[in-house]
Amino acid sequence: MAYKITDACIACGACADACPVSAISEGDGKYEIDADTCIECGACADTCPVSAPEQA
Ligand code: SF4
Ligand code: SF4
């Protein structure tokens, strides 16, 4: 399953820069992952300072 970003997100943008397929974009108050684009590499979870991306 693709990763999802939880409400713990503080909208720092680090994950969007780390994603190799540009699946992450800024949403309403937090960042969001396009599940169809995500290749489940885990880079966002590794990069996030608050562990907001979780595998669904
Ligand atoms: Fe991007 Fe990888 Fe995170 Fe999916 S798991 S959103 S491909 S960084
Ligand atoms: Fe949100 Fe974490 Fe991504 Fe920063 S790295 S925008 S806190 S999910």
Side-chain angles (χ1 to χ4, degrees):
M1 289 294 292
Y3 280 70
K4 284 187 176 178
I5 294 175
T6 69
D7 289 345
C9 175
I10 57 172
C12 72
C15 57
D17 291 339
C19 181
V21 293
S22 300
I24 306 176
S25 58
E26 190 168 9
D28 186 15
K30 68 183 186 72
Y31 276 62
E32 298 172 341
I33 294 172
D34 177 4
D36 291 334
T37 305
C38 176
I39 57 170
E40 303 164 41
C41 71
C44 51
D46 291 342
T47 303
C48 181
V50 295
S51 300
E54 291 181 352
Q55 201 157 22

Of all the heavy-atom pairs spanning [X] and [Y], show the shortest one and how long it is.
X     : Y     : result
Cys9  : Val50 : CA-CG2, 4.4 Å
Ala11 : Gly29 : CB-O, 4.0 Å
Ala18 : Ala43 : O-CB, 4.0 Å
Ala52 : Cys48 : N-SG, 3.3 Å

Would you check if the side chain of [X] reaches a backbone N or O of [Y] as a donor-acceptor pair within less than 3.5 Å?
X     : Y     : result
Lys30 : Ile5  : yes
Gln55 : Met1  : yes
Thr47 : Ala14 : no

Answer whether the closest heavy-atom distance between the side chains of [X] and [Y] falls below 4.5 Å.
X     : Y     : result
Ile39 : Pro20 : yes
Tyr3  : Glu54 : no
Cys19 : Val21 : yes

Rounded to the nearest 0.5 Å, what separation is found between the CD atom of Glu32 and the CD atom of Glu26?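 That separation rounds to 9.5 Å.
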Nearest 0.5 angstrom please: Tyr31 OH to Ser25 OG, how far?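 Result: 8.5 Å between the selected atoms.
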Starting from the C-alpha separation in whole Å, work towards a yes-or-no answer on side-chain contact (heavy atoms from CB on, under 4.5 Å) for Cys44 and Asp46. CA-CA 5 Å; Cys44 51; Asp46 291 342; over 6 Å; no
